Structure formats: C-alpha cells, structure tokens
Colleague: 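Got a structure for you, written out below as structure tokens; questions coming shortly.
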Amino acid sequence: MTWASRAVPAVAAAVAALAARDLLQRDHALLRNFPVLGRARYLLEAIGPELRQYIVAGNNEERPFTRDQRRWVYASAKGQNNYFGFGTDNDIEFTPGYPIIKHRTFGRAVPPSAPGAGHGVRLPCAKVLGGARGRARAFRPESVVNISGMSFGSLSGNAVEALNRGAALAGCLQNTGEGGLSPYHRKGGDLVFQIGTAYFGCRDEHGRFSLERLRDLVAGAPVRALEIKLSQGAKPSLGGLLPGAKVSAEIAATRGIPRGRDCVSPSRHAEFSDCDSLLDWVELLAAETGLPVGIKSAVGDLGFWEELTTLMRDTGRGVDFVTIDGGEGGTGAAPLIFTDSVSLPFQQGFARVYRIFAERDLHEQVVFVGAGKLGLPDNAVVAFALGCDLVNVGREAMLAIGCIQAQKCHTDTCPTGVATQNAWLARGLDPASKSVRAANYVRTLRRDLMKVAEACGVEHPGLISTDAVEVLDGRTASTPLREVYGYRPEWGLPSPADQAEIVRLMTAEAPQGDSAPPSPTAVG
Ligand SMILES: Cc1cc2nc3c(=O)[nH]c(=O)nc-3n(C[C@H](O)[C@H](O)[C@H](O)COP(=O)(O)O)c2cc1C
Ligand code: SF4
C-alpha cells in the first residue's frame, strides 16, 4: 500500500469526524450550517489582525460595525476578555465629532474596584413608564438596555427565541417588531408589543385594526407596553413587503394573514391621520389595556413634533414614551437611498425632538428611548447625556447571537440563521446557548454604562449631564455637548424627584468603592 493510499482514507475520516462534530455542536451556528468550511472564517478571524496589517482593512474601517466594535460585542457575549491592549487605535485627534467623556476626580459615586464589579448590576430606568400619565399598568423598566423591535419574519424563529430567552435572563424587555407576537416571543421575556401599519397580530380578517384582538393578545402574553410604529430610521415613510414564498404557516398565524400570499405593510396608519387623531388613539389604547403607550419614529421634518407637543401641552392627552430611531439604524431590507440618506442620524434627530419637548416642559413626563448603534457604550453614553432614559439594541443583539455582518438579511440566505426563514440555516442557531450570549452582552453593556457613570461621579447613566461630554473638532478645539445641541443646563436629566429616587435605588444595595487604608499623615 502506497503512502498516498493510506493517507487519503485517513484524511477523509478525519474530515468526516470534524464535519460530524461541527454538525452536532451548538455553540457556533456557522459551523452547524457549514461544517468544516465554516472553520475558515474562525481561522481568518484569529489571524485577521496580522493579515490586515498588510493587505486588508483596518480595525475601524468596516461598516456599519467596525471590526473593533464587533470584537467587543462578540467577546462580551461569550463572556471572554473584552479589553483592548496598547491604547486606542481610533483617530481621536483628527475625527470631527468624536465624543469625549469627562471623568471627575472626586465624584459623588465611588466605583467598586473588584475585578468584574458591576457585572450583575441592576440598572433600572430613572423614570416610571406611564407613571406621569397615571396609566393603570405603569412600571419602572428593570433595565436601561432593551432589545429593539425586529419582527419574526425578518428574523428566524430561533433568533427571536434566543433574544426572548436572553431578555428573560438579563431582565430586560424585547420589542416584538411589527410582525406580530409569535410563539417564539413567549419564552419568558417581557415584551413591548409594536403596532405597525398592517396591525399584524391585532387585525381582523379584512386587515383592519381590531381592538378586541389587541385586548386578547396583551391579556395572553407578558406585554408591558405598546409602541405605535410611525417610522424606522432606515426606511421612513415606506411600507414593507414580505414575499408570499416566505409567508409560512407560522408567520401567517402570527400576523393574522393568509399563508403563501404576498404580505404588504401599507406606508400609513388607517386609525389616525394627524397628531390630534393620533393622540386620541393613544389614549384609547391606554384606557382599554391599561398599558403605557408610546410612538417610534425617525426624525425628518419637525412640524410633526411641534404640533404633537403643543397638543400634549394644551389638551392633556399624551404619549408615555417616544422612541427615536436614527437614520443609521438597521433594517431587514430597504432601498439604498432610504438607508443612506432619508432621516437624521440619531444624535441630531434626538436632540431636536428632545428640545421641542423640553421647550414645552414635557421632557420630564415622557420616557425617551433611543436606537441607532446605541448598543456601543460610547454612543449610549452620549444618548443618556442628551436625555435618553432607555436604549434599544437591534443589530448589536444580532451580533451577540451569531450575526457576522454578512449583510444578506434581505436575501433569506443568512449564513448564521439569524435573519432567514430557511429551515436548514435557522436550525444552526441554537436558542439555548445564544440566549446566554444575548444576556451576557446586555449585562456587559449595562456594566460599562454604570462604570462610565461612576467615572463621571454619578450613580446612574441617566444622571450623566450634557456637561460631562465634549465633542472634539480636531486636535485643538472642542465644544461641550450642551452647546453643540443648544440645551439648557437642566435638560437631559430626569426631574429632581426622579433623580432622588434613582439615587436611592442605586445606592440602597450597591457596594461602594474603597481606597487603601489612610496613612497617619492623611489630611482628607
Ligand atoms: C433585521 C431587522 C429588522 C427590523 N425590524 C424592525 C421592526 O419590525 N420594527 C421597527 O420598528 N424596527 C425594526 N428594525 C429597526 C431596529 O428596531 C432598530 O431601531 C434599528 O436597527 C437601530 O438599532 P441598531 O442600530 O441597534 O440596530 C429592524 C432592524 C433590523 C436589523
Ligand atoms: S445576513 Fe449577515 S448581517 Fe444579516 S443577520 Fe445574517 S449574518 Fe447578520
């Protein structure tokens, strides 16, 4: 027997064994879906830094999420070391708009310094959702980081389940997205039910909104709030289309539509047509369900916000929360011109809307939620300083459960089973193990936010003020965030009563930091 004839069967057996191992393991969706072949990606990831130095892109060049940002999410989700060595490789000195957080030397809050301190920190919202308007089922959200609306249909059932179970583990909320409330949303996590223009999950057989169905739906699931979707940063003013081929029996049942037929979401709501009728509808939904009711919108023309807030101030009706989605936000599928150029990026859009609420003295009565790459701690800190009370994470949560940013979400060929209805590909994503990753990621983001708050001398990220952030303009100039966005000093913070309460909650059980024992000559 020649050397080659002995080697070939041995190699084939080894490859077969490796393939079997890849197929049966549950940690890596890519390997379950592409046994053996998928290993090339992990190899390239491992030696990527060395290769890239010579041939490809730098750590901060890829979009929407740079390699560094993705590495941080992956490591956080896996509970691995997510530190970076040697110092920043961001071009701080020459990137206009780069935010710098200003720490305090003798701040009020003293951070605990044990390794891993703050990882399990409770980080509730600084406001009570629905509290200002006395909603029957008002509540204080347990977590300032929550999972953004991504419907079953754009995401696979396994992905929705992983996020729902992750939300339960991390004690945060999962927004259903506009595709209705599926069985995969009923795995223990609390929900925000999103109502889109097609009223999926709460529509009658003619496609009309049904209050009765909404009441039944929220009575039979852990829905804590309702979000009326007006628009989404990546595709404002557009409806949606789910092709008939993707309308499976499960999707049809979840959405309340016929199986196998194209499913169209209109571009406008039928239940209201202006700010006045929108506010009437908000009050109707809140009265009928007892739940806090909010709106989600991207920001373009400001006339809508001016009219809405003027009516809120003058008539006493109002939304309990406002979710602002940045133009840099994600989508399952949208035309390029919309993802690239329609609606303002988060910071600018949010600050304009917040100012309009604040000018009418409504900012302390509304919970502000932000979305648009706010699952990265630096972006989230700026959002909190500008007045966000909660941040929603969409694509970062997808990264946490295995997304590799292949950007094929619109093709139904997602290789990691996150954004597909292909049963084989979706099978690769194991909801049990990925839920732990989603939860780890949410906990790590909360920990980082808490650490930054403490560095700024306050007990909670919601107490970080606009004065704590400066925006660099090259190497020699910078402007305080407050000036950049024309805020008054007290804007961006909760009311004094809400501040006192969140400080009480945060300090009641949290360990405080310490120092070495003072020397006999210590003066402080
Ligand atoms: C695959 C996918 C599906 C989405 N589906 C919805 C949806 O049903 N409703 C909605 O309001 N936003 C939807 N979004 C937008 C997100 O909820 C979020 O607002 C946006 O992606 C910004 O957050 P991010 O930058 O953390 O991803 C979707 C985004 C993605 C990536
Ligand atoms: S297609 Fe690519 S970007 Fe979209 S979810 Fe899948 S891995 Fe992520």
Side-chain angles (χ1 to χ4, degrees), residues 29-30 33-34 38 41 62-65 69-70 73 145-156 158-160 162-163 174-182 185 192-198 200-201 227-236 238-240 242 254-255 265 294-298 323-334 339 343 345-346 349-350 369-376 379-380 383 391-422 425-426 428-429 434 441-442 445:
L30 197 65
N33 289 339
F34 301 98
R41 188 240 168 198
E62 292 166 68
R63 293 286 181 274
F65 295 92
Q69 291 168 339
R70 283 184 285 132
V73 175
V145 178
N146 297 289
I147 296 172
S148 208
M150 294 177 289
S151 32
F152 169 50
S154 69
L155 297 192
S156 66
N158 280 356
V160 172
L163 294 174
Q174 179 191 26
N175 188 307
T176 57
E178 61 185 316
L181 201 160
S182 71
H185 287 105
V192 174
F193 180 67
Q194 188 177 70
I195 306 177
T197 51
F200 293 131
E227 183 178 76
I228 301 166
K229 179 178 170 183
L230 300 179
S231 58
Q232 177 181 341
K235 51 173 179 182
L238 289 186
L242 193 63
T254 300
R255 297 191 175 202
S265 295
I295 51 174
K296 172 169 179 172
S297 180
T323 305
I324 296 295
D325 197 24
E328 66 275 60
T331 172
T339 56
S343 86
F346 172 76
F350 181 83
V369 189
K373 296 171 87 171
L374 302 186
L376 304 169
N379 291 345
V391 292
N392 280 349
V393 296
R395 287 163 299 172
E396 302 86 333
M398 288 163 67
L399 292 172
I401 61 169
C403 160
I404 56 171
Q405 194 167 271
Q407 293 176 272
K408 291 183 179 166
C409 316
H410 58 297
T411 64
D412 207 33
T413 58
C414 168
T416 59
V418 175
T420 178
Q421 298 308 312
N422 177 304
L425 294 170
L429 194 160
K434 298 300 188 203
Y441 159 69
V442 170
L445 179 56

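Counting starts at 1 for both ligands and their atoms, following the listed order. Start at 1 with the first residue, then count along the sequence. Hydrogens, waters and symmetry mates play no part in the numbers below; they use all other heavy atoms, side chains included. Keep in mind the model is a prediction, meaning the values are calculated, not measured.
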Colleague: Specify the protein heavy atom at minimum distance from atom 7 (C) of ligand 1: its residue, its atom name, and the distance to 0.1 Å.
Modeller: Gly149 O, 3.4 Å
Colleague: Under 4.0 Å from a heavy atom of Gln407: give me the atoms of ligand 2 that qualify, with their elements.
Modeller: 2 (Fe), 3 (S)
Colleague: Based purely on interatomic distance, does Glu396 place a nitrogen or oxygen under 3.5 Å from a nitrogen or oxygen of ligand 1?
Modeller: yes
Colleague: Check whether any side-chain heavy atom of Phe152 sits under 4.5 Å from a side-chain heavy atom of His185, and report yes or no.
Modeller: yes
Colleague: What's the shortest heavy-atom distance between Ala426 and Asn158, and which atoms?
Modeller: O-ND2, 2.9 Å
Colleague: Give yes if a backbone or side-chain nitrogen or oxygen of Gly330 is under 3.5 Å from a nitrogen or oxygen of ligand 1, and no if not.
Modeller: yes
Colleague: Just go through Ser154, Ala406, Ala159 and tell me whose heavy atom is the nearest to atom 2 (Fe) of ligand 2.
Modeller: Ala406
Colleague: Does ligand 1 come near enough to Glu328 that some N or O of the ligand is less than 3.5 Å from an N or O of the residue?
Modeller: no
Colleague: Could you list the atoms of ligand 2 found under 4.0 angstrom from a heavy atom of Thr416?
Modeller: 6 (Fe), 7 (S)
Colleague: Which residue owns the protein heavy atom closest to atom 3 (C) of ligand 1, what's the atom, and how far is it?
Modeller: Ser154 OG, 3.4 Å
Colleague: Check if Ala419 has a non-hydrogen atom at a distance under 4.0 Å from any atom of ligand 1.
Modeller: no
Colleague: Provide, to 0.1 Å, the distance between atom 23 (O) of ligand 1 and the closest protein heavy atom, together with that atom's residue and name.
Modeller: Gly372 N, 3.6 Å
Colleague: Under a 3.5 Å distance rule, please check whether Ser148 uses its side chain to pair with a backbone N or O of Val393 as donor and acceptor.
Modeller: no
Colleague: Which of the atoms of ligand 2 are close to Ala419, meaning less than 4.0 Å from one of its heavy atoms?
Modeller: 5 (S)
Colleague: If I apply the N/O under 3.5 Å rule, does Arg395 come out as touching ligand 1?
Modeller: yes
Colleague: How about Cys409: does one of its N, O or S atoms come closer than 2.8 Å to atom 4 (Fe) of ligand 2?
Modeller: yes
Colleague: Which ligand 2 atoms, with their elements, are less than 4.0 angstrom from a heavy-atom of Met398?
Modeller: 5 (S)
Colleague: Which bit of Gln405 is near ligand 2, meaning a heavy atom under 4.0 Å away: side chain, backbone, both or neither?
Modeller: backbone
Colleague: May I ask you to decide if Gly326's main-chain N or O and Lys373's side chain share a donor-acceptor pair within less than 3.5 Å?
Modeller: no
Colleague: Are the side chain of Ser151 and the backbone N or O of Gly153 linked by a donor-acceptor pair below 3.5 Å?
Modeller: no
Colleague: Would you mind running through ligand 2 and noting each atom that sits below 4.0 Å from a heavy atom of Val418?
Modeller: 5 (S)
Colleague: Enumerate the atoms of ligand 1 whose separation from the nearest heavy atom of Lys373 is less than 4.0 angstrom.
Modeller: 24 (P), 25 (O), 26 (O)
Colleague: In terms of residue, atom name and distance, what is the protein heavy atom nearest to atom 2 (C) of ligand 1?
Modeller: Gly332 N, 3.5 Å
Colleague: Could you tell me the residue and atom name of the protein heavy atom closest to atom 8 (O) of ligand 1, and the distance to it rounded to 0.1 Å?
Modeller: Glu178 N, 3.1 Å
Colleague: Examine the side chains of Ser231 and Ser297 and answer whether a donor and an acceptor come within less than 3.5 Å of each other.
Modeller: yes
Colleague: In terms of atom number and element, which parts of ligand 1 are under 4.0 angstrom from non-hydrogen atoms of Gly329?
Modeller: 20 (C), 21 (O), 22 (C)
Colleague: Which ligand 2 atoms are under 4.0 Å away from a heavy-atom of Cys403?
Modeller: 3 (S), 5 (S), 7 (S), 8 (Fe)
Colleague: At what distance is the nearest protein heavy atom to atom 11 (O) of ligand 1, and which residue and atom is it?
Modeller: Gln194 NE2, 2.8 Å
Colleague: List every atom of ligand 2 that sits less than 4.0 Å from any heavy atom of Cys414, numbering the atoms from 1 in the order shown and giving each element.
Modeller: 1 (S), 5 (S), 6 (Fe), 7 (S)
Colleague: Any N or O on Ala371 sitting closer than 3.5 Å to an N or O of ligand 1?
Modeller: no
Colleague: Write out the residue and atom name of the closest protein heavy atom to atom 18 (C) of ligand 1, then the distance separating them to 0.1 Å.
Modeller: Ser148 OG, 3.4 Å
Colleague: Indicate yes or no for a side-chain donor-acceptor contact from Tyr441 to the backbone of Leu399 under 3.5 Å, with no hydrogens or angles considered.
Modeller: no
Colleague: How far is atom 22 (C) of ligand 1 from its nearest protein heavy atom, and which residue and atom name does that atom have?
Modeller: Asp325 OD1, 3.3 Å
